[in-house]
Number of protein chains: 2
Amino acid sequence: MRADARKNYELLLSVAHDVVTEHGADASLRDIARKAEVGLGTLYRHFPTRESLLEALLREDVDALTAESVRLEESRASEEALIAWLRGCVALNNEYRGVTSLLTAALEDPESALYNSCVALHDTGSRLLARAQAEGMARADVDGTDLFALVAALAWLHDQPALAPRADHLLGVVSSALLTGEAAYAVGQERSRA
Amino acid sequence: MRADARKNYELLLSVAHDVVTEHGADASLRDIARKAEVGLGTLYRHFPTRESLLEALLREDVDALTAESVRLEESRASEEALIAWLRGCVALNNEYRGVTSLLTAALEDPESALYNSCVALHDTGSRLLARAQAEGMARADVDGTDLFALVAALAWLHDQPALAPRADHLLGVVSSALLTGEAAYAVGQERSRA
DNA sequence: ACCTGAACACCGTTCAAGT
DNA sequence: ACCTGAACACCGTTCAAGT
């Protein structure tokens, strides 16, 4: 990439971070180009779709969560690891407002720039879920897509001003549904101590 | 209301029903006016906001669900009534795509045309929840807003093409989290017989 | 190679002018 | 009273013209 192009790319990404933080994932692309003092075509050249821009904004976080999940799988009890990952994945979705619908839509669109990130999250969660199920700590009638859906639903709640205050509490409620008897009890205890 | 105005009102509502069914709650208002062969200002005169249009589209359903809840409260066991209402409320939210975010946003905006419908649903659910809790059939650490949030989250899942196939199953998972020991077991049995 | 911004086809919303 | 549609200020997306 030419030096001037690289500079524009970095600048756009930095401005996009600010604008998307303020206005959410459906922020005006025109606005981003304007604030970066760059032609609208330059934005489209570097980020041909809204998804590709968000992919660039989220990539680091997705990689970090993936790496974290490896650590969780090695060092924590399966039910603890599963819930910790769930919290992390919800937090990732809440990095920017409105990202959850985009990420969810990408799950069945291999052409989407967010597809790989999506699948990475889906598969990471699936593995932690499968381990917890193998140990009898998570209910057997949910699969990786169910887990993805629950994460998305909880993240969506956080984006709704009227419901955001309850989102964290409901994460606990849903977690307890995900885990089986003893494990659910333990999470409940943890939560009531907090 | 003058006869010609009434005719336009009914026509707009009928066209809006079709267009919103096809394109969801964020359908183009221009498109609705165009298809009704009516000036754009006429649409705005009858429905000053998008919310007021959706309110008119949903009113009957909200009333029906409210009436149904009275019957449920009188004739069914508290845990059964709660879950039946939850299913009904999710179904109402899924009448048109994208209605859930509007309904949720209205919950804390008394100026919204959807505010009354929203509060009606919230309070109806709260009453059924309180009864189930009083009988020890529902967990005590959720309130009416939590219930509303769970309904909204489940309805939102139904709007996501990638997750819609799991929405009904997850309704069962969430229901089991809502109910306490014996009641949750009963719902589980019901579901595995289905 | 890369950048620019006008052009096109859409929105939501308002409001002066008509009947 | 009620209706109409032009006008305004925005979008996303494309692409000919420039450097």
Take B/Thr104 and A/Gln160 through the side-chain hydrogen bond (donor to acceptor under 3.5 Å, both in side chains) test and state the conclusion after the steps.
-> CA-CA 7 Å; B/Thr104 297; A/Gln160 310 303 307; 4.9 Å; no
Exercise: identify the closest heavy-atom pair between B/Trp85 and B/Leu128 |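 Reported closest heavy-atom pair: CB-CD1, 3.4 Å.
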Please report the closest heavy-atom contact between B/Leu12 and B/Phe47, naming both atoms and the distance.
->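 Closest approach of B/Leu12 to B/Phe47, heavy atoms only: CB-CE1, 4.0 Å.
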How would you label the contact of A/Arg45 with the nucleic acid (heavy atoms, under 4.0 Å): base, sugar-phosphate, or nothing?
->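 Base contact.
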Calculate the interatomic distance between [X] atom [atom1] and [N] atom [atom2]; express it in whole Å.
X: A/Leu53; N: D/dT13; atom1: CG; atom2: P; answer: 12 Å
X: A/Tyr9; N: C/dC3; atom1: OH; atom2: P; answer: 13 Å
X: A/Met1; N: C/dC2; atom1: CE; atom2: P; answer: 8 Å
X: A/Leu11; N: C/dC2; atom1: CG; atom2: P; answer: 16 Å
X: A/Tyr44; N: C/dA7; atom1: OH; atom2: P; answer: 18 Å
X: B/Leu102; N: C/dG12; atom1: CG; atom2: P; answer: 13 Å
X: A/Phe47; N: D/dT13; atom1: CZ; atom2: C1'; answer: 17 Å

Indicate whether any N or O donor in one side chain lies under 3.5 Å from an N or O acceptor in the other, for B/Glu51 and B/Ser112.
->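 Judged by distance alone, the side chains do not pair up.
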4.5 Å side-chain heavy-atom contact, B/Leu163 and A/Asp146 | no
pair A/Leu43-A/Ile32: side-chain heavy atoms closer than 4.5 Å | yes
If pairing requires Watson-Crick or G-U wobble contacts with both distances under 3.5 Å, which nucleotide is the partner of C/dG18?
->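 Paired with C/dG18, as far as the under-3.5 Å criterion goes, is D/dC2.
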Who pairs with C/dG12 - Watson-Crick or G-U, where each distance is under 3.5 Å = D/dC8
Ignoring backbone atoms, test whether A/His46 places a side-chain nitrogen or oxygen under 4.0 Å from the OP1 or OP2 oxygen of C/dC2.
-> no
Report yes if a side-chain nitrogen or oxygen of B/Asn8 is closer than 4.0 Å to either non-bridging phosphate oxygen (OP1 or OP2) of D/dC3; otherwise report no.
-> yes
So which one's nearest nucleotide on DNA chain C is more toward 5', A/Leu40 or A/Arg2?
->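 The residue mapped nearer the 5' terminus is A/Arg2.
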Basic-acidic side-chain contact under 4.0 Å: B/Arg34, B/Asp31 |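 Result for this pair is yes, salt bridge flagged.
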In residues 27-39 of chain A, what residues come within less than 4.0 Å of DNA chain D, judged by heavy atoms?
-> A/Ala27, A/Ser28, A/Leu29, A/Arg30, A/Arg34
Proximity to the side chain of B/Thr42 - top-ranked nucleotide from C/dC3, D/dG12, D/dC3 =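 Shortest atom-to-atom distance from the side chain points to D/dC3.
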